[in-house]
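None of the values given here were measured: they were computed from a predicted structure. Each residue takes its place number in the sequence, starting with 1.
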Amino acid sequence: MVTNSIIVVEDDEITALNLNLSLQKHGYNVIAVCDNATQAKNKIQAYKPDLVIIDISLDESNDGIELAKVVRQKHNIPFIFLTSYSDDDIIAQAKLTEPYGYIVKPFDPNSLHATIQMAIFKYEIENERKDNIDSLKVDKINLEKLLYSKRASDKPIVPFGNNYHLDISVCETFYNGKKIKLTKKENAFLRLLVAQLGLVVSFEQAMNYVWDEHGATENSVRTLVWRLRNKLETDIIKNASGIGYYIEE
């Protein structure tokens with residue numbers, strides 16, 4: 001059995017000690033216990049753990065949330081939050097970092113173990129999907145070929161979702177036969193999703209295909225998806241946490 005390495009970031013000495021003991025009891029390799037974000041950043045950079053447990057309210061501030069952003073964006077390491085908060089604003093901020101789980105203080109050792117295992121499993125599955133995505137190079141020519149292969153008949157119609165179809169001859173999308181008015185970028189992103197039904201379109205893929213100019217970010221993609229969802233009649237665009245979006249085949 002592979003031993004997973006973990007860094008704990010918790011500024012309460014008693015909680016940190018209990019976490020360390022519980023993790024070791026379940027066979028985890030606790031390679032560092034940090035009581036502040038600066039120390040944690042250095043340890044994460046040095047050791048590259050399999051998972052990080054982060055107190056959501058380090059130093060009674062939002063340092064835990066800011067640290068989580070760094071872990072997500074710079075290191076691509078799964079993390080879970082340790083929290084005693086029930087404040088809606090704090091939870092809302094935490095959700096934006098897309099954690100792989102939450103542990104509520106005081107924690108139960110068995111729930112802790114289960115949450116860690118689910119987080120690592122989810123991360124591994126997402127990475128497998130990402131590898132599959134990255135192996136499929138989609139440019140405009142390949143995308144047209146993919147769409148053409150998904151036609152339901154000899155007509156230029158590609159069905160998707162429930163009651164949607166894409167007319168690839170005119171680059172337009174319809175729901176129950178009624179045209180949906182989309183912007184150029186919305187249409188391009190939807191075509192990318194339809195061309196890869198059942199597969200995740202990564203943020204990087206979307207940025208490279210939809211935006212001709214440089215400067216697009218993951219937030220640009222999120223905003224585009226938000227607008228697109230508002231125009232579609234049903235919720236067919238699904239999230240792949242931290243990776244991108246997909247439409248079920």
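- Taken to the nearest 0.5 Å, the CD1 atom of Ile247 stands 6.0 Å off from the CG atom of Leu197.
- Gln73 places none of its side-chain heavy atoms less than 4.5 Å from the side chain of Glu218.
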Intermediate values then yes/no, side chain to side chain contact (heavy atoms under 4.5 Å, CB included), His165 and Val158: CA-CA 5 Å; His165 76 262; Val158 180; over 6 Å; no

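- Leu190 and Ile157 sit in two unconnected hydrophobic clusters of ILVMFWY residues. Membership requires side-chain heavy atoms under 4.5 Å apart, directly or through other members.
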Working note: Asn239 + Ser241, criterion side-chain hydrogen bond (donor to acceptor under 3.5 Å, both in side chains); need CA distance, chi angles, decisive distance, verdict. CA-CA 6 Å; Asn239 293 340; Ser241 180; over 6 Å; no

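- The backbone N or O of Asp50 lies less than 3.5 Å from a partner atom in the side chain of Ser5, making a donor-acceptor pair.
- Residue pairs meeting the side-chain hydrogen bond (donor to acceptor under 3.5 Å, both in side chains) criterion with at least one partner in residues 6-25, sequence neighbours excluded, are Glu10-Lys105, Asp12-Thr15, Asn20-Gln24.
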Take Thr217 and Ser220, measure what side-chain hydrogen bond (donor to acceptor under 3.5 Å, both in side chains) needs, and give me the verdict at the end. CA-CA 5 Å; Thr217 65; Ser220 303; 3.3 Å; yes

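- Among all heavy-atom pairs drawn from Thr173 and Leu182, the shortest one is OG1-CD1, 4.0 Å.
- The minimum heavy-atom distance between Ala40 and Leu67, with the atom names listed, is CB-CD2, 3.8 Å.
- Pro49 approaches Ile31 most closely through the heavy-atom pair CB-CD1, 3.9 Å.
- In this structure, Arg191 is not positioned above the aromatic face of Phe189 in the sense of NZ or CZ being under 6.0 Å from the six-membered ring centre and within 45° of the axis.
- Under the 4.5 Å side-chain contact rule for hydrophobic residues, Val104 and Val9 do not share a cluster.
- Rounding to the nearest 0.5 angstrom, the gap separating the NZ atom in Lys145 from the NZ atom in Lys150 is 15.0 Å.
- Using a 4.5 Å heavy-atom threshold, the side chains of Ile180 and Leu232 count as touching.
- Put simply, the side chain of Asn76 never gets that close to the backbone of Arg72: no donor and acceptor are under 3.5 Å apart.
- Residue-environment remark: NZ (Lys231) exceeds the threshold of 12 foreign heavy atoms within 6.0 Å.
- Between Phe79 and Phe81, the ring center distance clears the sub-6.0 Å criterion.
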Pair Ile7, Cys34 - check side chain to side chain contact (heavy atoms under 4.5 Å, CB included), show working. CA-CA 8 Å; Ile7 287 179; Cys34 308; 4.2 Å; yes

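- Scanning for side chain to side chain contact (heavy atoms under 4.5 Å, CB included) contacts around Thr234 gives Tyr164, Tyr175, Ile236, with sequence neighbours left out.
- Heavy atoms from other residues, nucleotides or ligands lying under 6.0 Å from NZ of Lys48 number more than 12.
- Ile53 and Val30 fall within the same hydrophobic cluster, where Ile, Leu, Val, Met, Phe, Trp and Tyr residues are linked whenever their side-chain heavy atoms come under 4.5 Å apart, directly or through other members.
- Note that Lys122 lies in the cation-pi zone of Tyr100, set by a 6.0 Å cut-off to the ring centre and a 45° limit from the axis.
- With contacts defined as side-chain heavy-atom distances shorter than 4.5 Å, the pair Ile65/Thr97 qualifies.
- There is no path of hydrophobic side-chain contacts, each under 4.5 Å, that joins Leu19 to Leu58.
- Here the rule is salt bridge (charged side-chain N to carboxylate O under 4.0 Å, His left out) with Glu186, and of Arg227, Lys181, Arg229 only Arg227 fits it.
- Looking only at side-chain heavy atoms (C-beta outward), Thr83 and Asp55 stay at 4.5 Å or farther from each other.
- For the atom pair CD (Glu249) and CZ (Phe160), the distance works out to 13.5 Å, reported to the nearest 0.5 Å.
- Among all heavy-atom pairs drawn from Gln205 and Leu192, the shortest one is O-CD2, 4.1 Å.
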Asn176/Glu233 under side chain to side chain contact (heavy atoms under 4.5 Å, CB included): CA gap, chis, key distance, verdict: CA-CA 10 Å; Asn176 282 333; Glu233 295 294 330; over 6 Å; no

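- Tyr246 places none of its side-chain heavy atoms less than 4.5 Å from the side chain of Val201.
- Annotation: side chain of Asn4 is not in contact with side chain of Asn29 (no heavy-atom distance under 4.5 Å).
- Tyr47 and Val70 are members of different hydrophobic clusters when ILVMFWY side chains are connected at heavy-atom separations under 4.5 Å.
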I would like to know whether Ile116 and Leu23 meet side chain to side chain contact (heavy atoms under 4.5 Å, CB included); could you show each step before the answer? CA-CA 10 Å; Ile116 291 171; Leu23 291 168; 3.3 Å; yes

CA sep, side-chain torsions, deciding dist, call: Arg222, Asn219, side-chain hydrogen bond (donor to acceptor under 3.5 Å, both in side chains): CA-CA 5 Å; Arg222 291 189 178 97; Asn219 281 336; 3.2 Å; yes

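- Expressed to the nearest 0.5 Å, how far NZ of Lys69 lies from CD of Glu98 amounts to 12.0 Å.
- Checked by atom type and distance alone, the side chain of Asn208 pairs as donor or acceptor with a backbone atom of Glu204 at under 3.5 Å.
- Taking the side chain as every heavy atom from C-beta outward, Ile56 and Leu82 never approach each other to under 4.5 Å.
- Nearest heavy atoms, Tyr102 versus Thr115: O-CG2, 4.0 Å.
- The aromatic rings of Tyr245 and Phe203 lie perpendicular to each other, with more than 60° between the two planes, well past the 30° mark.
- Shown here for Ile54 and Ala68, the closest heavy-atom pair between the two residues is CD1-CA, 3.9 Å.
- Classification of Glu248 and Lys238 as a salt-bridged pair fails, no side-chain N sitting under 4.0 Å from a carboxylate O.
- Taking NZ of Lys179 as the reference point, atom CD of Glu172 lies at 3.5 Å (rounded to 0.5 Å).
- Side-chain contact check for Ile6 versus Val52: every heavy-atom pair is 4.5 Å or farther apart.
- A 6.0 Å sphere centred on CG of Asn162 holds no more than 12 heavy atoms belonging to other residues, nucleotides or ligands.
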